[in-house]
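Notes to accompany the following structure.
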Protein chains: 2
Amino acid sequence: MGISIGKAAERAGLSVHTLRYYEKEGLLPFVDRTPSGTRCFKESDFEGLAMIHCLKNTGMTIRDIHEFVRWSMEGDATLQKRLDMFLAQKKEIEARIEEFQRYLDKIGYKIDYYENAVRIAKQDPA
Amino acid sequence: MGISIGKAAERAGLSVHTLRYYEKEGLLPFVDRTPSGTRCFKESDFEGLAMIHCLKNTGMTIRDIHEFVRWSMEGDATLQKRLDMFLAQKKEIEARIEEFQRYLDKIGYKIDYYENAVRIAKQDPA
DNA sequence: GTAGAACCTCGAGTTAACTCGAGGTCAAGA
DNA sequence: TCTTGACCTCGAGTTAACTCGAGGTTCTAC
């Protein structure tokens, strides 16, 4: 049989509550159930979880991820939509990296400034 | 006289409400008031706003930014604290960029896969 | 066959970061 | 003087993404 929600949560680094929440929000339509209603994760589900993790951490909302998951379940008719989504997300991430690079520069200057200030303050404790 | 909150909001790309909220949370202790109580921004305040923007967009909470702002107002005694904070934030951003790079790779693979799938689907519309 | 752990649903509560609106003040122009 | 628009405070409302707990069921190990 499959992997329990407890094991799955541990492996995915999420809480059991979060996993159930994701399912409620339509992010995990691929997770099976036993006849009695217990969730039953399979190996391949972790692939899907990893993609959800990736999209979420790069700024996508649960709602948008839900839309993507729905497309995935709909089959080949939505291939182009999904491709477009990934292309958009790629741009998003690239822009984000550039932005972060600028912030890194800004903070680098601050660090130079403060290192100097700390050095001077130590030499000359007012 | 100085710059009104309306002009300041426009220039900073924030809403008037947000600016007042930031002040309430202690992020803008450097903003002056007229005798009648109207906020009165000066040129140098935009420097502070830019730093708040930077810290916020690199993942710092309002609460933590507040702490940093308080240190800034306290003078030289907190130089080391502020330096440490910037060093930590630098690490944070670097880690974030690396993470994003990995996500970019992952999404790159997906794009290759989907471009192929879309091409095949067009050649052979089932 | 029973105790206890892990599972289930459902609805309410939490947190961060805004966002809004009511009700009031103030200052500049007609 | 009077109107109008931007400003003020304060408290309540919103949204996203969890997070929790009550009350109940099921499975596993003794």
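What's counted below: heavy atoms across the whole structure, side chains too, no hydrogens, waters or symmetry copies. Below, read A as the first sequence line, B as the second, and so on, with proteins coming before strands; counting in each chain starts at 1.
Looking at the side chain of B:Ser36, the nearest of the listed nucleotides D:dC27, C:dA27, D:dC7 is C:dA27.
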key: Pair A:Val118-A:Glu115, side-chain contact (heavy atoms from CB on, under 4.5 Å): steps then yes or no   = CA-CA 5 Å; A:Val118 166; A:Glu115 272 174 348; 5.9 Å; no

request  = Take B:Lys91 and B:Leu87, measure what side-chain contact (heavy atoms from CB on, under 4.5 Å) needs, and give me the verdict at the end.
outcome  = CA-CA 6 Å; B:Lys91 278 206 176 163; B:Leu87 288 168; over 6 Å; no

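Separating the CD1 atom of A:Ile5 from the P atom of D:dC27 is a distance of 15 Å, rounded to the nearest angstrom. A straight line from CG of A:Leu28 to P of D:dC18 spans 12 Å, rounded to a whole angstrom. For the pair B:Glu10 CD and D:dC7 P, the computed distance is 10 Å after rounding to whole Å. When rounded to the nearest whole Å, the span between CZ of A:Arg39 and C1' of D:dC27 equals 17 Å.
In this structure, A:Glu23 pairs ionically with A:Arg33, as a charged nitrogen and a carboxylate oxygen lie closer than 4.0 Å.
Between B:Leu49 and B:Arg11, every side-chain heavy-atom pair lies at or beyond the 4.5 Å cut-off. Under the 4.5 Å side-chain criterion, counting only non-hydrogen atoms from C-beta, A:Met85 is not in contact with A:Lys81. Side-chain contact between A:Tyr22 and A:Ile62 is present, with heavy atoms from C-beta onward closer than 4.5 Å.
Within residues 43-66 of chain A, no residue approaches DNA chain C, by heavy-atom distance under 4.0 Å. Applying a 4.0 Å cut-off to non-hydrogen atoms, the residues of residues 15-27 of chain B that approach DNA chain C are B:His17, B:Thr18, B:Tyr21, B:Tyr22, listed by residue number.
The side chain to side chain contact (heavy atoms under 4.5 Å, CB included) search around A:Val31 returns A:Leu28, A:Arg39, A:Phe41, A:Asp45, not counting sequence neighbours. With sequence neighbours excluded, the residues forming a ring-ring contact (aromatic ring centres under 6.0 Å, His included) with A:Phe100 are B:Phe100, listed by chain and number. Among residues two or more places apart in sequence or in another chain, the salt bridge (charged side-chain N to carboxylate O under 4.0 Å, His left out) test is passed with B:Asp32 by B:Lys42.
A sub-4.0 Å separation between OP1 or OP2 of C:dC26 and a side-chain N or O of B:Arg33 is absent.
Of the possible polar contacts, one joining the A:Gln89 side chain to the A:Thr58 backbone as a donor-acceptor pair under 3.5 Å is found.
The minimum heavy-atom distance linking B:Thr78 with B:Trp71 is given by the pair OG1-O, 2.7 Å.
Each end of the helix from C:dG1-D:dC30 to C:dA30-D:dT1 gets its own axis, taken as the rotation carrying the C1' atoms of four end pairs onto the next four within a five-pair window, and the two axes meet at 0° to the nearest 10 degrees.
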